[in-house]
Amino acid sequence: METLIDISQKQLIEKCCKNDRKSQAALYKTHYQAMMKVCLRYSGNREDANEILNSGFLKVFTSISNYNFQGSFEGWMRKIMVNTALDKIKSEQIQKQNTLVVEDYSAYENEIMVENDAVKGISSEVVLGLVNQLPLMSRSVFNLYVFDGYSHREISQMLGIKEGTSHWHLMNARTLLKEKISHPQTQIFN
Amino acid sequence: MEQIYISIDDFIHNGIDNLAIEMPVGEWEKMSALLDIELPAKKQFKNFRNIIFWGASLLIVALFVYQQWNRTVSNKAILSCPERKTAECKRIVSPTVLKSEEPSTTTTVDVSLKPIINAPPIIKDTIKPKLKSIELPKHSKTSNNYQKTSSSPNNISKNLQDEYSEKDQVDYFGIASDSIIYDNIGKVKKKKRK
């Protein structure tokens, strides 16, 4: 069964290489949800997420012939989406000119735990809302580290920041999220 | 009662994973419109590049074929010429073809060095009107200018050389020397002195 799915996906990709609109539509609809989740995590709102998604899919369709059928196609697409989101974040970051440099990050290594009772009943939409309310750089580092599995060294290279700064942003994101979950009424973000 | 703790990372991860997102109506149409703008443009550029490539290739092939055809036609002209060893034939066939097709230089040299008297009638006819049209400088005994400028045969010869290029002299006299011109002028001068 799995092989059949792979074959159909391979055919779909091959047709997309030939610029077949129907196959492109099928691919877009199949992966829309997964890719949208990625974009929503990185962007602060739905509009920005849509922009990133469409830019990402454009890159996917224009460079789909470069995919060599080795490794997961969804993983390949996800990487493109993440890079597109990071490009947008970096351009926004340049405009803001925020320069936080942290050299000693030993204090930011601890993982933060929350009480199970406190998180009960929190829906996925609320969780997404919590992530979206995080400051831009902290949100990006949190997403890259927790969801996409990048190391701090890789994150620092991707975002053009110090490794210590990446540690600080992750800790900051965790702390802010915990505060928000424990005290939902307080406005601690921004 | 003991409290159970959960990692904030895991909690957020699970929360996002369980998120259900539906594709809004008209989303693909937006994407399709974007693709219509971007992808055909790329295709056009590709086509343009292909046209340039194939055009250049065809031009090179056409030039090569034309060169080969031209060479074959010239060969035929030389072979079909009944008197191809004579000067007439040499005149018909262009010098470049002669050079490339008949590497034996002996015949070419022979023809070019033949005196005018022995040249075929066509060459004679072409030389005659040319000789008539040569204007000798008018001279008088009192004219100092003539004495200065045109008295010596060498000067006259020079004037003629200026008027007719070296190539013309070779073509019409058969040789590239000043001797024939000098002789002709010498005769004229003698008559005038009498």
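Chain identifiers are assigned alphabetically (A, B, ...) following the order of the sequence lines, protein sequences preceding nucleic acid strands; residue numbering begins at 1 within each chain. Just the heavy atoms: all of them, side chains too, but no hydrogens, waters or symmetry mates, feed the values below.
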**OP:** Can you see which heavy atom on A:Lys29 is nearest to which on B:Met23, and at what distance?
**Re:** CG-CE, 3.6 Å
Subject >> Residue, of A:Met36, A:Arg41, A:Gln24, that accumulates the most heavy atom pairs under 4.5 Å with chain B >> reply: A:Gln24
Original post:
Is there a donor-acceptor pair under 3.5 Å between the side chain of A:Ser124 and the backbone N or O of B:Ile16?
Top reply: no
Original post:
For A:Val146 and B:His13, which heavy atoms make the closest approach, and how far apart are they?
Top reply: O-CD2, 3.4 Å
Subject >> B:Gln68 CD: over 12 foreign heavy atoms closer than 6.0 Å >> reply: yes
Original post:
Around A:Lys15, counting heavy atoms of other residues, nucleotides and ligands shown, do more than 12 lie under 6.0 Å from its NZ?
Top reply: no
**OP:** Start with the C-alpha distance between A:Leu177 and B:Phe11, add both sets of side-chain angles, then the distance that settles side chain to side chain contact (heavy atoms under 4.5 Å, CB included), and finish with yes or no.
**Re:** CA-CA 10 Å; A:Leu177 286 168; B:Phe11 168 68; over 6 Å; no
Original post:
Does any heavy atom of chain B fall under 4.5 Å from the side chain of A:Leu40, the backbone, both, or neither of them?
Top reply: side chain
Original post:
Is there a donor-acceptor contact under 3.5 Å from the side chain of A:Lys178 to the main chain of B:Ile8?
Top reply: no
Subject >> Option in B:Asn14, B:Ile21, B:Leu34, B:Asn18 with maximal non-hydrogen atom pairs under 4.5 Å from chain A >> reply: B:Ile21
Original post:
Going from OG on B:Ser32 to CZ on A:Phe57, what distance comes out if it is rounded to the nearest 0.5 angstrom?
Top reply: 13.5 Å
**OP:** Decide whether A:Ile52 and A:Met35 are clustered together by the hydrophobic rule: side chain heavy atoms of Ile, Leu, Val, Met, Phe, Trp, Tyr closer than 4.5 Å, transitively.
**Re:** no
Subject >> Contacting region of A:Tyr32 [heavy-atom separation from chain B under 4.5 Å] >> reply: side chain
**OP:** Determine, step by step, whether B:Asp36 and A:Arg21 satisfy the salt bridge (Lys or Arg N to Asp or Glu O under 4.0 Å) criterion, reporting the C-alpha distance in whole Å, the side-chain angles of both residues, the deciding distance to 0.1 Å, and the verdict.
**Re:** CA-CA 10 Å; B:Asp36 283 337; A:Arg21 280 283 184 277; 2.7 Å; yes
**OP:** Let me know if B:Glu27 has heavy atoms under 4.5 Å from chain A in its side chain, its backbone, both or neither.
**Re:** both
